[in-house]
Amino acid sequence: MATTDPTNNALRLTVLTVVIVGLFLALFSRLWFLQILAGDRYSLAAEQNRVRTVVTEAPRGRILDAAGQELVGNRPALTISADRQVLLDGLGEPVDAGADRVLERLSTLLRLDRAEIIERLTSRRYSTFRPIPIAIDVAPEIVYAVREQQELFPGVVAESLPVRTYPQGQLGAHLVGRLGEISEAELDEEPYAGEYRPGEFVGRGGLEQVYEPDLRGDAGDRRLEVNRSNRVVGVLQDREPVPGGDLVTSIDLDLQAATERLLAEGILASRRNVHTESGRNLPSTAGSAVVLDADDGSVLALASYPTYDPREFVGGVSQRYWDEVNDEDNEQPLINRAIQAAYPPGSVFKTVTGATYMEAGRIGPNGTVNCRNSYELGGITFRNWNTANEGPMDLSTALMRSCDTYFYELAHAQWRVEQAQGEDVDEVLPQVARRFGFGRTLGVDLPGEAAGVVPSREWRREYWERARETYCELAETLPPGYGRDVNADLCVSGGTWRGGDAINSSIGQGDVQATPLQVAASYVAIANGGTLYQPLIGQRVVGPDGATVREIQPEVLGELGLDEAEMRAIRTGLERVVMDDRGTARGAFTRGRAFPLGEIPVAGKTGTAELKPLVPFAWFAGYAPADDPEIVVVVNVEQGGGGSQTAAPLARTIMEHYFGVTDADEAEFVEGDRINN
């Protein structure tokens with residue numbers, strides 16, 4: 001018969017008591033932790049579970065021309081977006097049955113095929129930073145349906161997104177720029193760190209990028225109270241977004257449209273109708289045109305061809321279009337050739353070298369040099385474009401006839417003087433060129449401005465040190481011939497500044513490189529009497545209330561440093577280039593329907609820059625009226641042949657439109673004289 005052991009019962013009761021007390025202590029400790037130590041945190045979490053914050057993007061400010069016409073506008077668009085990671089797996093399939101049902105509901109609500117929704121969610125044009133827009137410009141009822149029944153649409157967001165509008169189409173694309181989604185790296189960098197959210201769009205290129213802080217505005221937010229089913233039961237706070245400021249520019253919309261049109265049509269016409277000396281059609285692959293105010297250098301029009309369509313970037317660019325505009329066979333239309341591409345300027349640079357040799361004392365404004373058909377140096381023949389010996393001429397005539405040998409002789413004389421100075425050489429050309437705006441950035445309010453190159457002895461040595469290994473390798477690997485011999489010489493002596501380098505630089509060739517904007521700014525300084533200005537597009541920022549927030553004033557970058565006689569020699573020479581019967585641009589302004597030079601005298605300079613084995617690049621830089629300048633026009637055509645042949649006729653059509661001689665709709669490109677200078 002079983003008996004009960006009092007000792008065992010007492011032990012069981014003791015253990016049970018300890019367990020119960022331990023459980024109560026654990027429960028009490030947990031409650032104490034939740035209520036006391038972690039109370040604030042869990043209260044906040046509870047509040048966050050109850051409150052949803054919806055961010056409302058601020059409309060960006062508009063970009064306007066000088067008369068207030070819209071180049072770029074902005075409007076809000078009701079949008080249905082979805083989180084790709086919530087709905088789809090890495091293969092683009094629904095993550096589960098619930099996600100599959102959400103896709104079906106979206107298809108019904110938006111009247112879109114399910115496959116199309118998935119295609120948009122998996123498109124490479126969007127990153128995973130933010131919900132991906134599925135439908136833009138939806139009806140308010142659709143937004144209301146998604147927000148009121150959020151439990152049926154997990155991962156789906158009904159939002160208002162600002163959408164850029166381009167009333168002028170692709171006009172001014174390189175000026176205004178475009179928008180692009182901020183990258184992960186940029187979120188941690190200045191000026192974006194702490195100010196931007198993942199998925200926001202920021203200015204890419206053009207004025208959109210430079211004036212991002214002015215155009216952006218401040219986002220608003222709405223704090224919504226939701227119940228356990230995620231239904232909205234009230235609005236706790238509603239802070240309206242503050243629109244960005246409007247940017248008023250110096251752009252003349254009519255002139256901008258005419259310049260873009262005339263540049264494109266002229267380039268295409270030159271391909272069809274103009275031929276090289278060998279009889280082949282000119283390639284005329286690309287080009288640019290710059291029109292500046294002759295007084296203060298403000299930008300009236302700026303065109304780069306080929307161009308692109310900024311509308312393709314609204315909401316994110318497609319991979320197809322991105323590949324298209326980055327294809328080298330399409331001449332890279334995203335490049336703003338007016339400021340980002342640097343070329344040998346050719347004879348338009350002779351204004352600089354003429355000023356250089358006057359400052360160095362090699363020649364006076366009225367001094368003469370024999371314009372021979374060639375110049376010999378070290379067994380090398382440097383030829384003039386004209387095979388005839390034209391006799392003695394002063395600077396004015398040398399500019400008018402674009403006599404290369406005039407500048408060769410002065411350059412060689414200056415090189416000998418500088419060589420004799422030894423290590424303490426005082427090189428004049430880089431100093432004067434910098435005063436004219438070359439070899440430096442000018443501070444234009446567009447991103448990516450190139451500084452160009454004005455070579456010096458120091459520059460040559462540094463460049464050679466970087467390139468020497470390549471020279472030596474080519475000297476060993478190239479087959480016997482000219483290329484191998486040249487690289488063998490450069491391998492050993494490429495860091496030496498020679499007389500031939502000085503001669504090439506004197507006519508804007510060799511290693512000299514300049515942007516069309518730099519050339520234009522230098523001619524503004526000549527036209528206005530000697531002041532170099534920072535070329536600007538932005539004029540002022542206007543707030544949402546219409547009040548001016550700030551004025552944007554151009555900076556005076558310096559003076560040319562020419563006295564009255566020196567300036568007169570250069571200006572007279574430029575006038576004679578067009579106005580004199582023997583001027584190299586005369587034919588460009590008199591062929592076909594003659595330009596009214598008697599009423600509107602024009603000053604300018606042709607240029608033909610050689611980049612062998614390519615067809616030469618064509619230049620023209622000029623201003624009008626010559627006696628009271630209003631505008632400066634610079635045209636560059638890549639592989640466009642002679643400057644007098646292609647670039648000068650193009651510049652003429654732009655001037656004709658500006659002065660009301662012939663409207664751009666009626667303009668006709670007429671080939672000028674085939675003078676390779």
Side-chain angles (χ1 to χ4, degrees), residues 292 294-295 297 345-369 371 392-411 414 428-438 454 505-508 512 514 518-533 557-580 582-586 601-607 619-629 631-634 643 648 651 677:
L292 303 184
D295 184 37
S347 292
V348 296
F349 192 68
K350 287 175 179 174
T351 52
V352 178
T353 52
T356 296
Y357 305 134
M358 287 190 293
E359 176 160 318
R362 304 281 72 77
I363 193 76
N366 301 313
T368 61
V369 173
C371 181
M393 57 178 58
D394 59 13
L395 176 59
S396 169
T397 308
L399 289 171
M400 187 250 309
R401 293 296 296 154
S402 200
C403 177
D404 292 334
T405 51
Y406 172 98
F407 296 91
Y408 293 160
E409 186 163 323
L410 294 174
Q414 180 61 25
V428 183
L429 178 58
Q431 298 174 34
V432 174
R434 187 172 181 82
R435 295 207 299 263
F436 274 76
F438 296 96
V454 179
S505 296
S506 74
I507 61 167
V512 180
Q518 287 174 324
V519 174
S522 75
Y523 277 70
V524 167
I526 295 170
N528 69 25
T531 302
L532 181 69
Y533 283 98
L557 301 178
E559 301 291 330
L560 298 187
L562 300 172
D563 64 29
E564 185 177 343
E566 293 168 339
M567 180 66 79
R568 184 168 56 251
I570 291 176
R571 291 188 60 156
T572 299
L574 296 179
E575 290 176 33
R576 295 175 67 192
V577 167
V578 179
M579 305 298 292
D580 194 294
R582 298 177 64 228
T584 57
R586 180 71 174 181
V602 177
K605 185 72 191 75
T606 56
W619 285 91
F620 180 81
Y623 54 87
D627 53 357
D628 187 18
I631 61 167
V632 168
V633 178
V634 170
N677 222 311

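Just so you know, residue 1 is the first one in the sequence shown, and it goes up from there.
- Exactly one of Glu564, Glu566, Arg571 qualifies for a side chain to side chain contact (heavy atoms under 4.5 Å, CB included) with Arg568. That residue is Glu564.
- A ring-centre distance under 6.0 Å is found for Phe349 and Phe438.
- To the nearest 0.5 Å, atom CG of residue Leu399 and atom OG1 of residue Thr584 are 9.5 Å apart.
- Here Lys605 contributes atom NZ and Met400 contributes atom CE; the two are 10.5 Å apart, rounded to the nearest 0.5 Å.
- With hydrogens and angles disregarded, no donor-acceptor distance shorter than 3.5 Å links the side chain of Arg586 to the backbone of Val577.
- The minimum heavy-atom distance between Tyr406 and Ile363, with the atom names listed, is OH-CG1, 3.7 Å.
- No donor-acceptor pair closer than 3.5 Å links the side chain of Arg582 to the backbone N or O of Arg401.
- Judged by distance alone, the side chain of Arg362 and the main-chain N or O of Tyr357 form no donor-acceptor pair under 3.5 Å.
- Each of Cys371, Ser347, Ser506 was checked for a side chain to side chain contact (heavy atoms under 4.5 Å, CB included) with Phe407, and the lone residue meeting it is Ser506.
- Going from atom CG of Leu292 over to atom OH of Tyr623 covers 14.0 Å, rounded to the nearest 0.5 Å.
- Just one residue in the list Thr405, Leu395, Val369 forms a side chain to side chain contact (heavy atoms under 4.5 Å, CB included) with Leu410, and that residue is Val369.
- No donor-acceptor pair closer than 3.5 Å links the side chain of Asp394 to the backbone N or O of Thr368.
- Here CE of Met358 is found 5.5 Å from CG of Leu562. Values are rounded to the nearest 0.5 Å.
- With 3.5 Å as the limit, one finds a donor-acceptor pair spanning the side chains of Lys350 and Ser402.
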